[in-house]
Amino acid sequence: MNKFNEKYIQTDGGAQTTNTLNEDVAIVTGSSRGIGRAIAEQLATDGASVLVNYVTNEEARRDTIDVIEADGGEAIAVKGDVSKADDVERLFDEAEAAFGTVDIVINAAGTSICGSIQDFTEADFDRMFDVNAKGTFFVLREAANRIADGGRIVDFSTVGTSRGGSGTGPYAGSKAAGEQMVIALAEELGERDIRVNTVSPGVTDTDGLIMSDGTVKRMVEQTPLGRRGQADDIADIVAFLVNDNARWLTGQNIRATGGWEVGW
Ligand SMILES: NC(=O)c1ccc[n+]([C@@H]2O[C@H](COP(=O)([O-])OP(=O)(O)OC[C@H]3O[C@@H](n4cnc5c(N)ncnc54)[C@H](OP(=O)(O)O)[C@@H]3O)[C@@H](O)[C@H]2O)c1
């Protein structure tokens, strides 16, 4: 048992839990839009100070900050490309300069390009692996070196790594790399009570949804909960994962799909 987990072993029964993120500092990569934005807003609502990261979209990052601040939350926006190690280092520098520390790192930044392997270009392959695989490595490496003891890390993959199908090969391949790094990192950081998990969404309504309307319709028909996911559905799962109530979860891959894969 490490010194952090000792606090949860109580002589009087039940564990003590907290449900707020007060005084926690969170970096959320790719949080100007989509799932990352919903997570940034949710963590700020739960009391965290949040670094909102984006790469190009100034308007979207302004909107995100405005919504968080209007709700009484605290956030800064920092431009940076996760596929560049210097940019990732700067995200942590800026979070520490503004808020003093980093307790939570959510790597939601991602890029998705759909296409058959037969027709896929090397340039598209490189772009996707740069952001999704190498970018994930840079974010996880920086987090491993800088996150506070007791910290929480969540990376984003896709349910497509389990059953992607036609047109998703290179994308699913680029996301699978992160899943393996999360498993290793969970073991490497457990001694510091740092939990590391993956969330793998299914069809989720965002700009990043790359499947054709026909494929999405078919997937919704196969989904027990009978609809496509919303960014808020995923944000609530992340909010749980970074909370003390999830203190016994690390190295896991949570498939957030409305049950799409249940009948496999
Ligand atoms: N939506 C789905 O159905 C689905 C399914 C499975 C997995 N996922 C995964 O879930 C995560 C979020 O997806 P999403 O659909 O919410 O994405 P999205 O709507 O396309 O938004 C992408 C976000 O990532 C940022 N971003 C893109 N490239 C970046 C880079 N190199 N460095 C830093 N930020 C970058 C974008 O910033 P700008 O606004 O500046 O462009 C934006 O904030 C991704 O990892 C994705 O692969 C999504």
Side-chain angles (χ1 to χ4, degrees), residues 27-42 50-65 75 77-91 94 105-114 126-140 142 154-165 167-168 170-179 182 198-213 215-216 219-220 223 227-235 237-238 253-258 260-261:
I27 293 175
V28 186
T29 71
S31 51
S32 46
R33 291 184 289 125
I35 292 169
R37 174 177 175 161
I39 294 166
E41 291 178 5
Q42 185 59 54
V50 179
L51 182 145
V52 170
N53 160 244
Y54 67 108
V55 67
T56 53
N57 200 323
E58 298 285 345
E59 197 183 330
R61 68 96 181 160
R62 256 194 309 273
D63 279 357
T64 310
I65 297 287
V78 179
K79 185 172 181 165
D81 183 339
V82 294
S83 70
K84 296 181 178 149
D86 288 352
D87 283 15
V88 173
E89 203 180 318
R90 199 163 37 77
L91 296 186
E94 299 264 2
V105 175
I106 314 294
N107 185 36
T111 191
S112 44
I113 304 169
C114 218
D126 285 346
R127 178 67 195 144
M128 238 173 2
F129 272 76
D130 274 355
V131 176
N132 296 347
K134 196 157 76 169
T136 295
F137 164 65
F138 288 148
V139 172
L140 295 182
E142 205 62 28
V154 177
D155 186 42
F156 268 81
S157 183
T158 166
V159 73
T161 59
S162 305
R163 191 176 78 168
T168 64
Y171 170 64
S174 70
K175 298 300 273 186
E179 293 182 13
V182 160
T198 298
V199 171
S200 292
V203 170
T204 310
D205 251 339
T206 67
D207 299 341
L209 183 57
I210 56 169
M211 281 162 278
S212 68
D213 288 350
T215 304
V216 170
M219 286 180 73
V220 169
T223 299
R227 62 173 174 84
R228 57 174 81 183
Q230 301 299 313
D232 287 349
D233 295 325
I234 311 296
I237 291 166
V238 172
N253 184 349
I254 310 295
R255 292 191 173 82
T257 65
W260 177 65
E261 75 285 12

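This structure is a prediction, so every number in the text was calculated from the model and none was measured. Numbers for residues simply follow the sequence, beginning at 1. Whatever order the structure lists ligands and atoms in, that order sets their numbers, starting from 1.
Evaluation of the salt bridge (Lys or Arg N to Asp or Glu O under 4.0 Å) rule for Arg62 yields no partner, not counting sequence neighbours. Glu142 is linked by a salt bridge (Lys or Arg N to Asp or Glu O under 4.0 Å) to Arg146, counting only residues two or more places apart in sequence or in another chain. For Arg90, the salt bridge (Lys or Arg N to Asp or Glu O under 4.0 Å) partners at least two apart in sequence or on another chain are Asp87.
Side-chain atoms of Thr29 come within 3.5 Å of backbone N or O of Ala109 as a donor-acceptor pair.
Protein residues having a heavy atom under 4.0 Å from any atom of ligand 1 are Gly30, Ser31, Ser32, Arg33, Gly34, Ile35, Asn53, Tyr54, Val55, Thr56, Asn57, Gly80, Asp81, Val82, Ala108, Ala109, Gly110, Arg127, Val131, Phe156, Ser157, Thr158, Tyr171, Lys175, Pro201, Gly202, Val203, Thr204, Thr206, Asp207, Gly208, Leu209, listed by chain and number.
Side-chain atoms of Ser174 and Asn132 include a donor-acceptor pair closer than 3.5 Å.
With rounding to the nearest 0.5 Å, the separation of CG in Asp207 from CD1 in Ile35 is 11.0 Å.
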